[in-house]
Protein chains: 2
Amino acid sequence: MTEIEKTLDNKSVRPTAMRILIYKFMAGKQNAVALTDIENAFEKAERTTLYRTLKTFEEKGIVHQIDDGTNISKFALCEPGCNCEIDQDLHLHFHCSQCDKTVCLTEHKIPHINLPAGYIAEDANLVIKGICDSCSDH
Amino acid sequence: MTEIEKTLDNKSVRPTAMRILIYKFMAGKQNAVALTDIENAFEKAERTTLYRTLKTFEEKGIVHQIDDGTNISKFALCEPGCNCEIDQDLHLHFHCSQCDKTVCLTEHKIPHINLPAGYIAEDANLVIKGICDSCSDH
DNA sequence: AGAGATCGTGCAACAGAAGTGCATTTAATG
DNA sequence: CATTAAATGCACTTCTGTTGCACGATCTCT
């Protein structure tokens, strides 16, 4: 049993061939991926399978969904300590307007916001847009 | 010349009947509106016209586009002091998961975030999700 | 190992939002 | 009034997300 199989098993997700491939693909990427990205990476795969796999991964806390403002849902593997299915790991995300990649800034948490009376916060999403370190001549 | 016509004129937008109607509709709403909302409000209107009107309004700084995480673009009139077309009026938005409405919290600005080296911020989007003051028994 | 239930995958199809191209109408200008 | 530019309406396309159904694979329990 490989590391990946163990990881999936720990999260009560049956480690099928497809799932392992998708996990590997995401682990190899520094940035968040869209459904279409995975679809293009595996010519043979069905979009539905990928779609449902990502849904499953999300439910089981293996990946988290990211809304980076492009109106295309992206996904990224959760970090070891990420409890996003329980009490929201509110790190922020950065979207590069040049290379169109979105990355997790897991060290940067969303600061607490004081809301007006009557508003109850349950979740938060903060996306910074600009130029990432690969695209700035750095 | 009405107030609205003056407003549009000041922003170099020709005050046509349709545009005035759309402006009025948005001014009468406390929450941000989606293209479909306007479409439903005016049975006679073409979606394309509304679509392009909103684009025009956005370019001219009359409305700002809001991405509230629902994957449906919403729009809200800019406040008098809102210079969102120039240097981003970075107020935050609140999306109510119960009534599905999105409102601008113009008094609440997005706090400054220190990014890792090499990252250049140009824009930011912060959406708080939860229960709004109308939906909490307030 | 075999029977039955459950889960995963593939195929087809649909819904909704976003966006484009072109023709026609409406408005501004000389 | 004639010319030009802008606004609108209609048709159509694309893309993402989503669901239903059938088939195949896998697990469980005796």
Side-chain angles (χ1 to χ4, degrees), chain A residues 1 4-5 7-25 32-60 62-76 95 100 102, chain B residues 1-2 4-25 32-60 62-76 95 100 102:
Chain A
M1 213 178 193
I4 294 180
E5 286 178 82
T7 306
L8 296 183
D9 217 62
N10 281 340
K11 302 278 189 173
S12 316
V13 171
R14 291 219 313 240
T16 66
M18 203 66 228
R19 288 171 174 175
I20 294 171
L21 280 175
I22 294 173
Y23 192 100
K24 267 188 197 164
F25 176 74
V33 296
L35 184 61
T36 309
D37 296 333
I38 309 180
E39 200 183 353
N40 293 337
F42 303 98
E43 295 269 324
K44 293 282 294 174
E46 270 311 298
R47 222 177 62 249
T48 314
T49 304
L50 303 177
Y51 172 75
R52 289 198 255 236
T53 300
L54 287 174
K55 282 280 181 203
T56 306
F57 278 11
E58 193 195 0
E59 275 166 26
K60 299 305 172 71
I62 297 170
V63 304
H64 59 276
Q65 188 169 0
I66 302 167
D67 167 38
D68 61 5
T70 58
N71 276 355
I72 298 171
S73 291
K74 306 245 168 73
F75 297 85
H95 177 245
D100 196 43
T102 300
Chain B
M1 210 177 192
T2 69
I4 293 179
E5 287 178 83
K6 273 186 218 159
T7 308
L8 296 182
D9 217 62
N10 280 341
K11 301 277 190 176
S12 317
V13 172
R14 291 218 315 238
T16 66
M18 202 65 231
R19 287 172 175 175
I20 294 170
L21 280 175
I22 295 174
Y23 191 99
K24 267 189 197 161
F25 176 74
V33 297
L35 184 60
T36 309
D37 297 333
I38 310 181
E39 200 183 352
N40 293 338
F42 304 99
E43 295 269 325
K44 294 281 297 174
E46 270 310 299
R47 222 179 59 250
T48 314
T49 304
L50 304 177
Y51 173 74
R52 288 196 255 235
T53 299
L54 286 174
K55 282 280 181 203
T56 306
F57 278 11
E58 195 196 359
E59 276 166 25
K60 298 305 172 70
I62 296 170
V63 304
H64 59 275
Q65 187 169 0
I66 302 167
D67 167 39
D68 62 5
T70 59
N71 275 354
I72 298 172
S73 290
K74 306 244 168 71
F75 298 86
H95 177 244
D100 197 43
T102 300

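Below, chain A is the first sequence line, B the second, and so on; all start at residue 1.
Atom CD1 of A:Ile20 and atom P of D:dA25 are 17 Å apart (whole Å). B:Glu46 places its CD atom 15 Å from the C1' atom of C:dA17, with the value rounded to the nearest Å. One can place CG of B:Leu50 at 15 Å from P of D:dA7, the figure rounded to the nearest angstrom. Counting to the nearest Å, the C1' atom of C:dG16 and the CD1 atom of A:Ile72 are 15 Å from each other. Nucleotide C:dG16 holds its P atom 16 Å from the NZ atom of B:Lys74, rounded to whole Å. Whole-Å rounding puts the A:Glu39 CD to D:dC15 P distance at 11 Å. Taking atom CD on A:Glu59 and atom P on C:dG8, their separation rounds to 10 Å, with Å as the unit. Taking atom NZ of residue B:Lys44 and atom C1' of nucleotide D:dT8, one finds them 13 Å apart after rounding to whole Å.
The residue B:Lys55 sits close only to the backbone: its heavy atoms come under 4.0 Å of sugar-phosphate atoms, none of a base. Nucleic acid contact for B:Thr56: none, since no nucleic acid atom lies under 4.0 Å from a heavy atom of the residue. Note on A:Arg19: only backbone sugar-phosphate atoms sit closer than 4.0 angstrom, heavy atoms only; bases stay farther off. Residue A:Thr48 is in base contact, counting any heavy-atom pair closer than 4.0 Å across all strands shown.
Expressed to the nearest 0.5 Å, how far NZ of B:Lys44 lies from OG1 of B:Thr49 amounts to 12.0 Å.
For D:dC15, neither phosphate oxygen OP1 nor OP2 lies less than 4.0 angstrom from any side-chain nitrogen or oxygen of A:Thr36. Taking side-chain N and O atoms only, B:Thr16 has no distance below 4.0 Å to OP1 or OP2 of D:dA6.
Not a single donor-acceptor contact under 3.5 angstrom links the side-chain atoms of A:Arg52 to the base of D:dG17.
Only one option out of A:Ile20, A:Ile38, A:Leu50 pairs with A:Phe25 in a side chain to side chain contact (heavy atoms under 4.5 Å, CB included); it is A:Ile38.
Where A:Ala17 and B:Gln65 each meet DNA chain C at their nearest nucleotide, the meeting point lying more 5' is that of A:Ala17. Each of B:Ser12 and B:Asn71 was assigned the nucleotide of DNA chain D with the nearest heavy atom; the assignment lying further toward the 5' end belongs to B:Ser12.
Nearest heavy-atom pair across A:Asp9 and A:Pro15 is OD1-CD, 4.0 Å. When every heavy atom of B:Thr70 is checked against every heavy atom of B:Asp68, the shortest pair comes out as OG1-OD1, 2.6 Å. Of all the heavy atoms in B:Gln65 and B:Glu58, the pair that sits closest is OE1-OE2, 3.3 Å.
Comparing D:dT18, C:dA18, C:dT9 by their closest approach to the side chain of A:Arg47 singles out D:dT18. Listed nucleotides: D:dT26, C:dG19, C:dC11. Nearest to the side chain of B:Tyr51: C:dG19.
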